[in-house]
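Computation of the quantities below employed the complete heavy-atom set of this structure, encompassing side-chain atoms and omitting hydrogens, waters and symmetry-equivalent molecules. Since we're looking at a predicted model, the values are computed, not measured.
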Amino acid sequence: MNLQKINVKFFVADPGAVQLEPFVGIFNSWIQAADGEYYDLADYSHVPDGPGILLIAHEANISMDNSGNELGLLYNRKQPLEGSNREKLRRAFAAALQYCRRIEAESVLEGRLHFRGGEALVLINDRLLAPNTEETLGAIRADVEDLVRTLYAGSEFSLQREQDPRKRFGLRIKTPVSFDVATLLKNMESSVN
């Protein structure tokens, strides 16, 4: 299976302390500061349990997503990635974590937003390539487990597949150990060196 269209979501630690409205300004400032990297944004903050605020780019969309009524950063890779599935998963997770770190550092949020590193969601946004089945899980399980062992520095973890066959293939990754974004990025970087 040649994985593409990998989505990664990290959840906000205290969603009640965060409003979506500031992200219109944050993402607009990113558009203005970038040289054509980002195209536009879409504000779906009025949709309950919806996609939130979406920053549109060529390679990937980034959003403060509230799907499942769980606020978090969703990295939605759109363009193909080269390499093995392990390398693609690693690159998607690293990109998601870098965006999490960037958002945590936004001065307008005054340090109120942090992400829970001990839980993540990985989705494959291609129902034809990766139907939501046990067979898909079997095909990518070793690659996901390898990534998660690196991400959580060998700590115990669990994988839970989305059971509803009408939904995209998704795995919820959890560890009982508390991790912050900086530590997760360091774990990812140390495995490359």
Atom pairs and distances, side-chain donor-acceptor, residues 15-35, under 3.5 Å, sequence neighbours left out:
residue: N28; atom: ND2; partner: V24; partner atom: O; Å: 3.3
residue: S29; atom: OG; partner: I26; partner atom: O; Å: 2.6
residue: W30; atom: NE1; partner: E106; partner atom: OE2; Å: 2.8

Show me, pair by pair, the donor-acceptor contacts under 3.5 angstrom made by side chains of residues 123-138, not counting sequence neighbours?
residue: N125; atom: OD1; partner: R168; partner atom: NH1; Å: 3.4
residue: D126; atom: OD1; partner: L128; partner atom: N; Å: 3.1
residue: D126; atom: OD1; partner: L129; partner atom: N; Å: 2.9
residue: R127; atom: NH1; partner: R166; partner atom: O; Å: 2.5
residue: N132; atom: OD1; partner: R161; partner atom: NH1; Å: 2.7
residue: N132; atom: ND2; partner: E162; partner atom: O; Å: 3.0
residue: N132; atom: ND2; partner: D164; partner atom: O; Å: 2.8
residue: N132; atom: ND2; partner: K167; partner atom: O; Å: 3.4
residue: T133; atom: OG1; partner: E135; partner atom: N; Å: 3.4
residue: T133; atom: OG1; partner: E135; partner atom: OE1; Å: 3.3
residue: T133; atom: OG1; partner: T136; partner atom: N; Å: 3.2
residue: T133; atom: OG1; partner: T136; partner atom: OG1; Å: 3.3
residue: E134; atom: OE2; partner: R161; partner atom: NE; Å: 3.0
residue: E134; atom: OE2; partner: R161; partner atom: NH2; Å: 3.3
residue: T136; atom: OG1; partner: P131; partner atom: O; Å: 2.7

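R149 is linked by a side-chain hydrogen bond (donor to acceptor under 3.5 Å, both in side chains) to nothing, counting only residues two or more places apart in sequence or in another chain. In this structure, the salt bridge (Lys or Arg N to Asp or Glu O under 4.0 Å) partners of E145, at least two apart in sequence or on a different chain, are R141. In terms of the side-chain hydrogen bond (donor to acceptor under 3.5 Å, both in side chains) criterion, K174 has no residue partners (sequence neighbours excluded). Residues passing the side-chain hydrogen bond (donor to acceptor under 3.5 Å, both in side chains) test with R102, sequence neighbours excluded: Y38. Residues passing the salt bridge (Lys or Arg N to Asp or Glu O under 4.0 Å) test with D143, sequence neighbours excluded: R86. For T175, the side-chain hydrogen bond (donor to acceptor under 3.5 Å, both in side chains) criterion is met by no residue, not counting sequence neighbours.
Sorted by first and then second residue, the salt bridge (Lys or Arg N to Asp or Glu O under 4.0 Å) pairs involving residues 108-124 (not counting sequence neighbours) are E110-R112, R116-E119, E119-R172. Judged as a salt bridge (Lys or Arg N to Asp or Glu O under 4.0 Å), not a single pair has a partner in residues 36-57 (not counting sequence neighbours). Listed by first then second residue, pairs satisfying salt bridge (Lys or Arg N to Asp or Glu O under 4.0 Å) with a partner in residues 5-18 read K9-D65, not counting sequence neighbours. Among pairs with a residue in residues 107-162, those fulfilling ring pair (Phe, Tyr, Trp, His ring centres under 6.0 Å) read Y152-F179, at least two apart in sequence or across chains.
Remark: side-chain polar atoms of R77 are paired, donor with acceptor, to backbone N or O of Q79 under 3.5 angstrom.
Closest heavy-atom contact between I173 and V122: CD1-CG1, 4.1 Å.
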